[in-house]
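Worth knowing before you read on, the calculation uses all heavy atoms, side chains too, and leaves out hydrogens, waters and symmetry mates. None of these values were measured; they are calculated from a predicted model.
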Amino acid sequence: MPEESTNADDEEDFYALLDVPYNATAQEINRAYKKCSLQYHPDKIAQRGLQVTEADQAKFTRIKEAHEVLADPRRRETYDAVGEQGLKWIEEPFSMDPQEVFSNFANSSVYDRSKIFLLFVAIIGILLLVPILVCLQVDEDLGSSTTWCEVLIPLWIYDAFLFLTHLNMLRAGETPRPEGMPEEEWVDPLPYSKRRFIALRHILKVTFEILVALRLDDVIECDWSVVFLPLWIFEALNIRKKMVVANLQILTIEDLEVLLGKPFSEFTPEERDAISGKDFAVVPSMDSPQAMIALKMKTMAQHDLLKIFFRDVFLVLLILQLDDEIDWSWWAVFTPFWILSCCVCCGAYMQLNIAQAAATAAGVNTDLGNADGTTNYGAFDDAESGQQQGINLTEAEKEELRERVRSSASNCCNTCCNQAFVLLIVCLLVGKANGAGYAAIWIISPILFIAGLILCCLGCAIYCLRDVPETDIDMQGAFPMTYDSNNNSVDDYVPPKVIPTSPSNSVAQAAAGEEKTTDEGSSLSPTDLLGGGNTTDAPPGTLSDLD
């Protein structure tokens with residue numbers, strides 16, 4: 001039986017509104033709704049000679065909303081699981097108020113927070129389950145009778161789920177065109193040909209995994225080159241896809257007119273279809289954002305081809321090593337990987353140098369050493385350096401160059417850190433393959449460490465988050481405190497009253513203030529000297545207004 005659902009406004013839940021139990025059937029819910037309608041419908045209230053109030057209308061609106069949710073089995077199941085607010089957020093994600101989400105979460109119980117935390121633990125556990133099982137199987141901790149096909153059962157379940165997803169995408173047909181969009185402007189974001197390509201790659205990947213498991217269990221006796229055949233087909237499809245983008249020709253309309261020798265208006269439909277294919281990218285100008293995007297896609301495809309080349313060389317060496325065609329050290333077999341990692345880091349560093357050189361040539365200061373954006377002593381500012389270079393840039397163009405340098409620096413740092421992390425895991429793998437004595441679980445120890453760190457941070461964020469009521473905020477804490485002669489804080493500090501007087505009167509008042517003492521003969525506290533503790537005549541804007 002589902003628990004009682006609550007929301008941020010502490011409104012009565014839907015079952016209580018209809019006065020039905022949580023296990024009520026659809027017929028009982030409909031009868032309860034009819035009964036409540038006879039009692040709370042505005043027309044029925046008016047027929048009884050009573051005045052319909054806003055509370056009566058709001059009551060019936062809530063009853064109608066409760067019936068619409070509970071009468072729908074799918075929406076009722078969602079409501080029972082996440083409550084009214086959760087149902088609204090699932091059906092209308094963009095209707096979520098961040099402050100309301102934060103307040104609801106901050107006021108939630110430890111039980112609700114534990115469910116959220118356990119959800120994250122389950123997700124990370126599922127992601128790490130297969131690597132952990134593989135490491136245990138390598139060390140024979142699962143028993144000598146355990147086969148690789150049994151160890152990889154979680155992987156088969158994951159692959160089956162993805163296969164059903166791809167099958168549903170193929171059966172769904174083409175994406176319908178949104179209403180109001182002209183047909184000539186509509187482009188299917190996921191065309192049928194792309195769906196077939198994605199499904200084919202998934203089938204090849206699963207076939208390779210099955211062949212590897214069968215080969216490790218000695219169910220099939222064949223060379224590893226045969227086992228890797230689906231992976232080679234997978235790589236060939238990737239190369240074909242990347243080659244099209246890497247050879248993309250970026251042209252403007254003027255370039256096309258020169259190429260074909262006639263104005264663009266005279267192009268035939270066949271020529272326009274050929275131009276709009278995958279071999280050409282027509283842009284308004286070479287400096288336009290469309291040209292920058294096309295150039296970035298082309299550059300990324302070229303980099304991907306370089307990675308595929310090194311990956312394929314590594315696969316060749318790996319197959320030869322597994323088939324005993326060569327007898328190299330595993331450190332030598334992974335040579336393409338070491339070279340590729342160096343190339344990736346050097347490429348990111350070169351991109352940073354290019355961005356800095358472009359900004360320097362334009363006379364824009366891009367000092368990355370100052371977090372506050374200030375210029376080091378003795379450095380030229382943007383205006384002076386730009387005048388010396390003979391380049392006049394607007395503030396928007398200067399900021400664009402600075403942002404490009406910052407983005408390149410961030411990308412360089414992230415790339416180097418990622419490569420260092422991957423290199424650590426690969427070094428542990430190669431050491432184990434060369435006969436190191438440590439357990440195989442140490443190969444994924446960096447991943448386990450990061451996962452544990454993430455869970456610790458999530459746990460602190462989930463369990464330590466509290467909502468601070470506005471009534472508990474001490475506004476006086478934002479102001480300096482005053483102290484008396486005994487170094488005790490004075491909480492009822494009031495700024496001095498400013499009363500315009502003549503200079504002679506000010507001197508007389510100051511002299512009179514110095515002679516004023518208490519009955520015991522001690523001097524008055526600063527509060528008395530600054531107004532005698534009377535806050536009724538304090539000027540507007542003082543702390544008395546806040547009180």
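- Closest non-hydrogen pair, Ile124 versus Leu455, comes out as CD1-CD2, 3.4 Å.
- Here the side chain of Trp224 pairs no donor or acceptor atom with the backbone of Arg215 at under 3.5 angstrom.
- Between Glu403 and Arg406 there is a salt bridge, since a side-chain N of the basic residue sits under 4.0 Å from a carboxylate O of the acidic one.
- Asn411 and Ser408 share no side-chain donor-acceptor pair at under 3.5 Å.
- With a 6.0 Å radius and a threshold of 12 heavy atoms from other residues, nucleotides or ligands, Tyr158 has its OH atom at or below the threshold.
- In this structure the side chain of Lys64 reaches within 4.5 angstrom of the side chain of Tyr33, judged on heavy atoms.
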Exercise for the section: Run the numbers on Ile444 and Ile425 for side chain to side chain contact (heavy atoms under 4.5 Å, CB included), then give the verdict. Expected result: CA-CA 7 Å; Ile444 61 172; Ile425 298 176; 5.6 Å; no
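- Residues Glu235 and Lys242 are not paired through a salt bridge, judged by the lack of any N-O separation under 4.0 Å between the basic side chain and the carboxylate.
- Of all the heavy atoms in Leu190 and Met169, the pair that sits closest is CD2-CE, 3.1 Å.
- Under the 3.5 Å distance criterion, with hydrogens and angles disregarded, no donor-acceptor pair is assigned to the side chains of Tyr349 and Thr415.
- With values rounded to the nearest 0.5 angstrom, Leu423 atom CG is found 11.0 Å from Asn418 atom CG.
- Of all heavy-atom pairs between Tyr192 and Leu170, the closest is CE1-O, 3.2 Å.
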Exercise for the section: Mind running side chain to side chain contact (heavy atoms under 4.5 Å, CB included) on Asp159 and Lys205 for me, showing each step along the way? Expected result: CA-CA 9 Å; Asp159 289 336; Lys205 182 179 72 69; 3.4 Å; yes
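- With no hydrogens or angles considered, a side-chain donor-acceptor pair links His67 and Asn30 at under 3.5 Å.
- For the pair Trp338 and Val430, the minimum side-chain heavy-atom distance is below 4.5 Å.
- Atom CG of Asp327 is surrounded by 12 or fewer heavy atoms from other residues, nucleotides or ligands within 6.0 Å.
- Rounding to the nearest 0.5 Å places CZ of Phe197 at 7.5 Å from CZ of Arg240.
- To the nearest 0.5 Å, atoms OG1 (Thr147) and CD (Gln137) are separated by 7.5 Å.
- Judged purely by atom type and a 3.5 angstrom limit, Asp323 has no side-chain atom pairing as donor or acceptor with the backbone of Asp223.
- Remark: the Tyr15 side chain and the Arg76 side chain contain an N/O donor-acceptor pair separated by less than 3.5 Å.
- Tyr463 and Ser114 make their closest contact through OH-OG, 3.0 Å (heavy atoms, listed as atom of the first residue, atom of the second, distance).
- Within 6.0 Å of CD in Glu28 there are more than 12 heavy atoms belonging to other residues, nucleotides or ligands.
- When side chains are defined from C-beta on, Leu318 does not count as touching Phe334, because their heavy atoms never get closer than 4.5 Å.
- At most 12 non-hydrogen atoms from other residues, nucleotides or ligands lie less than 6.0 angstrom from CZ of Phe120.
- In this structure the side chain of Asp217 reaches within 4.5 angstrom of the side chain of Cys149, judged on heavy atoms.
- Between Cys412 and Cys416, some side-chain heavy-atom pair lies under the 4.5 Å cut-off.
- Atom CD1 in Ile132 sits 5.5 Å away from atom CG in Leu448 (nearest 0.5 Å).
- Lys296 places none of its side-chain heavy atoms less than 4.5 Å from the side chain of Met292.
- One N or O on the side chain of Thr78 and one on the backbone of Arg74 form a donor-acceptor pair closer than 3.5 Å.
- The number of heavy-atom neighbours closer than 6.0 Å to CZ of Phe163, taken from other residues, nucleotides and ligands shown, is 12 or below.
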Practice task
Quick one: do His166 and Ile198 satisfy side chain to side chain contact (heavy atoms under 4.5 Å, CB included)? Show the steps, please.
Solution key: CA-CA 8 Å; His166 292 307; Ile198 297 175; 3.3 Å; yes
Handout entry: Verdict with reasoning, Leu429 to Trp330, per side chain to side chain contact (heavy atoms under 4.5 Å, CB included)
Key = CA-CA 10 Å; Leu429 173 63; Trp330 283 102; over 6 Å; no
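- No more than 12 heavy atoms of other residues, nucleotides or ligands lie within 6.0 Å of CG in Asp19, so this atom counts as exposed by the packing criterion.
- Using the six-membered ring where Trp is involved, Tyr79 and Phe14 have ring planes that are parallel, under 30° apart on the 30 and 60° scheme.
- For the 3.5 Å distance criterion, the side chains of Asp139 and Tyr438 fail to qualify, holding no donor opposite an acceptor.
- Panel note: side chain Thr335, backbone Ala332; a donor-acceptor pair is recorded below 3.5 Å.
- Between Tyr22 and Asp13 there is a side-chain heavy-atom pair separated by less than 4.5 Å.
- Side chains of Leu231 and Phe228 form a contact here, defined as non-hydrogen atoms less than 4.5 Å apart.
- Smallest separation of non-hydrogen atoms from Leu204 and Pro230: O-CB, 3.6 Å.
- Nearest approach of Leu152 to Val134, heavy atoms of both residues: CD2-CG2, 4.0 Å.
- The CG atom of Leu340 lies 6.5 Å from the CG atom of Leu306; values are rounded to the nearest 0.5 Å.
- Surrounding CZ of Phe309 are at most 12 heavy atoms belonging to other residues, nucleotides or ligands under 6.0 Å away.
- Arg404 places no side-chain N or O within 3.5 Å of a backbone atom of Ala355 that could act as its donor or acceptor partner.
- Within 6.0 Å of CH2 on Trp442 lie no more than 12 heavy atoms contributed by other residues, nucleotides or ligands.
- Atoms CD1 and CZ, from Ile233 and Arg201 in turn, are 14.0 Å apart once rounded to the nearest 0.5 Å.
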